[in-house]
Amino acid sequence: MTISLFNTYTRSLQEVTPLLDNQVKLYACGPTVYNYAHIGNLRTYIFVDILRRSLEFAGFTVNHVMNITDVGHLSDDADEGEDKVVRESRRSGKTVWEIAEYYTNAFFSDIARLNIKTPTTSCKATDHIDDMIRLIMKIEENGFTYSAGGNLYFDISKFPEYGKLALLSLDDLKTGARIAVDEQKKNPQDFVLWFTNSKFDRQAMIWESPWGRGYPGWHIECSAMAMRFLGDEFDIHCGGIDHIPVHHTNEIAQSQAATGKQPVKCWVHGEFLLFDKEKMSKSAGNFLTLSLLADQGYEPLDFRYFCLNAHYRTQLKFTFEALHAAKTGRNNLVLRIADIKEECDNTPTRVFGKKSENYWKEFVAHVCDDLNMPRCLSDLWQMIKETDIPANEKLALIEDMDNVLGLSLMDSVRKDVLLDEEITALVEEREKARKEKNYQRADEIRGLFVQKGIVLEDTAAGVRWRKK
RNA sequence: GGCGCCGUACCCAAGUGGUAAGGGAGAGGUCUGCAAAACCUUUAUGCAGCGGUUCGAAUCCGCUCGGCGCCUCCA
């Protein structure tokens, strides 16, 4: 089984062949913890999870490292006085450390609810300031820096390949189009490695360094921690598409300036979730969280299923109508699987007939083809609807496919409701009314159940019921 | 202004040279109590528009129209 991924650096499909035997070294950009993750952020973490599960599916072990950015950054172009964590701190009256801890916990709670596997290593930026300082010293020794106005800058003119990842044409960038250019920079794309002369007087997190008391530039943390946990070179670096032009571009420049080696073999980026026809963003205030979806009756896995219906490299339009379609679709899937479990007494078997074998091959091919989850879901649906595949084979396929999909499909039940005496009595009364052809009363009772969120199904074998 | 990407049915969305996956919604049917639920069937001679290449194009090329992103922190 060979997985191919679209490498942003080469803009082409590339087979995954690990540097180290059977282990894939994967670095995924993590959250900045100054607020709740919105569902656009979460789409990207679902993508990373699919990537990781697919690699494991293909037989690799995955060393998955994710940073937690708990040092704040610029809040937005209109705000020049604070960083994001500081701003949140002032708003809530908590310390910056408390803010970071609170939202870190909230983040891990969200990804757990979405069946996203926890990274092998999650590392906080503030625990690795020393690593960053050492890395900056190396970059300085190699002659890629200059200091101006108290800050230490990376000099992109010393790095001819700058911008290759993003296909940047430096001459044509409209610098200063939306934000004032830092006058101290030699080139507009130069970026700060270490701040001592902060324009943020409320900066709360400050460390000693060879360049004076201050704090690190944003991009250095990922270079430093990736190196620390994965080495100078590793297999895959993934994250949101927005990181291509600046963050990842700068990361490559820094790491390569320090080690002389290209740090990453394959760059993989997930596209945006669109909301109201534009990208969802915290600063624009148009963002939804998992909790807000829950308030409207949508479970985290409904959102996961919704995301899996689109390829990770295409923009996905979020609407409640579309989410609702996903919820209904997933619910139907769960009911069918519950019936399949019942039919084979919950006993999967992996002695496959030709048809099962074919579905399996198709599914594997679609996983390997740049993680084509929409196709994988399609395979799953078609297989389930197939009439001449035994239930025990279907169940085995479902179990194996779910290792990639992560939808907890094997937990599917019809959600039978425990009967209390009132419900039993009502069911009996309704059956009696039906026998007497008193359908008005029977429907009245069914209405009562609907109010309780219970759907009655009159089947040949008797009445059964489930939660809606 | 430059760069990157996209435009497929009512909605979400696969498919990137060989004759349109899947889900939701809608329609028809089976069952039934003229019910609900369930189940089955069905729904784009068509892929923004116009040219071109080709035996053959949603898929390749050109132009036009429309949308999104990036050049600023951002998933």
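We name chains A, B, ... by the order of the sequence lines, and we start the count at 1 in each one.
In the set B:C68, B:G24, B:A21, the nucleotide with an atom closest to the side chain of A:Pro374 is B:A21. Between B:A25, B:A14, B:G22, one nucleotide has an atom nearer to the side chain of A:Asn372 than all others, and that is B:A14. Each of B:G69, B:A75, B:G33 was ranked by its minimum atom distance to the side chain of A:His243; first place goes to B:A75. Nearest to the side-chain atoms of A:Lys317 among the listed nucleotides B:C12, B:G23, B:C68 stands B:C12. Between B:A36, B:G15, B:A75, one nucleotide has an atom nearer to the side chain of A:Arg375 than all others, and that is B:G15. Set against B:C40, B:C12, B:A75, the side chain of A:Thr44 has B:A75 as its closest nucleotide. In the set B:A35, B:G24, B:C73, the nucleotide with an atom closest to the side chain of A:Arg434 is B:A35. In the set B:C68, B:G4, B:A75, the nucleotide with an atom closest to the side chain of A:Gln315 is B:C68. Ranking B:G24, B:A75, B:C39 by closeness to the A:Asp242 side chain, first place goes to B:A75. Comparing B:C68, B:G24, B:C3 against the side chain of A:Leu274 picks out B:C68 as the nearest.
Within 4.0 Å (heavy atoms only), A:His311 reaches sugar-phosphate atoms of the nucleic acid but no base atom. Counting non-hydrogen atoms under 4.0 angstrom, A:Gly40 reaches a base of the nucleic acid. Residue-level contact check: A:Arg313 touches neither bases nor backbone, having no heavy atom under 4.0 Å from any strand. Contact annotation for A:Arg430: base contact, defined as any heavy-atom pair under 4.0 Å involving a base atom. If you check every strand for non-hydrogen atoms under 4.0 Å, A:Leu316 touches sugar and phosphate atoms only. No contact: A:Asp379 has no heavy atom under 4.0 Å from any strand. Among the heavy atoms of the strands lying under 4.0 Å from A:Gln382 are primed sugar atoms or P, OP1, OP2 only; no base atom is included. Looking at heavy-atom distances under 4.0 Å, A:Lys435 makes no contact with the nucleic acid at all.
To the nearest whole angstrom, the two C1' atoms, one in B:C31 and one in B:A20, are 34 Å apart. Using C1' as the reference atom, B:A21 and B:U59 are 16 Å apart when rounded to the nearest Å. Taking the C1' atoms as reference points, B:U8 lies 10 Å from B:A14, given to the whole Å. Taking atom P on both B:C39 and B:G24, the two are 10 Å apart, rounded to the nearest angstrom. Here, B:A57 and B:G51 have their P atoms 14 Å apart, quoted to the whole Å. Taking atom C1' on both B:G17 and B:A58, the two are 11 Å apart, rounded to the nearest angstrom. Only the P atoms considered, B:G56 is 41 Å distant from B:C40, to the nearest whole Å. The same atom, P, is picked in B:A44 and in B:C70; the two are 38 Å apart, to the nearest Å.
Stacking here means ring centres nearer than 5.5 Å and ring planes tilted less than 30 degrees, and by that measure A:Trp381 does not stack onto B:G22.
We find that A:Arg441 and A:Glu444 are joined by a salt bridge, their nearest charged nitrogen and carboxylate oxygen being less than 4.0 Å apart. Ion pair A:Arg434/A:Glu431 flagged as a salt bridge, since at least one NZ, NE, NH1 or NH2 atom sits closer than 4.0 Å to an Asp/Glu carboxylate oxygen. A salt bridge links A:Arg330 with A:Glu299: the closest approach of a Lys/Arg side-chain nitrogen to an acidic carboxylate oxygen falls below 4.0 angstrom.
Within the 4.5 Å cutoff, no side-chain heavy atoms of A:Leu5 are placed close to those of A:Gln14. Side-chain contact between A:Thr120 and A:Val62: absent, with no pair of heavy atoms (C-beta onward) separated by less than 4.5 Å. Under the 4.5 Å side-chain criterion, counting only non-hydrogen atoms from C-beta, A:Cys238 is not in contact with A:His64.
Shown here, B:U54 forms no base pair; nothing in the strands shown gives a Watson-Crick or G-U wobble contact with both key distances under 3.5 Å. Under the Watson-Crick and G-U wobble criteria, each requiring two contacts below 3.5 Å, nucleotide B:C31 is left unpaired.
Note on A:Lys385: a side-chain N or O is less than 4.0 Å away from OP1 or OP2 of B:G23. A close approach under 4.0 Å does occur between a side-chain nitrogen or oxygen of A:Thr314 and OP1 or OP2 of B:A14. Taking side-chain N and O atoms only, A:Asn309 has no distance below 4.0 Å to OP1 or OP2 of B:A14.
Looking at which nucleotide of RNA chain B each of A:Asp443 and A:His324 is closest to, the 5′-most match is held by A:His324. Comparing A:Asp369 and A:Gly239, the nucleotide of RNA chain B nearest to each residue sits closer to the 5' end for A:Asp369.
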Exercise for the section: Apply the test side chain to side chain contact (heavy atoms under 4.5 Å, CB included) to residues A:Phe306 and A:Lys327: give CA-CA distance (whole Å), side-chain angles for both, the deciding distance (0.1 Å), then the verdict. Expected result: CA-CA 8 Å; A:Phe306 169 76; A:Lys327 178 189 168 73; over 6 Å; no
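Between A:Leu371 atom CG and B:G15 atom C1' the separation is 17 Å, expressed in whole Å. Rounded to an integer number of Å, the gap from CD1 of A:Ile111 to P of B:A75 is 14 Å.
Counting only N and O atoms by type, the side chains of A:Tyr27 and A:Asn67 include a donor and acceptor under 3.5 Å apart.
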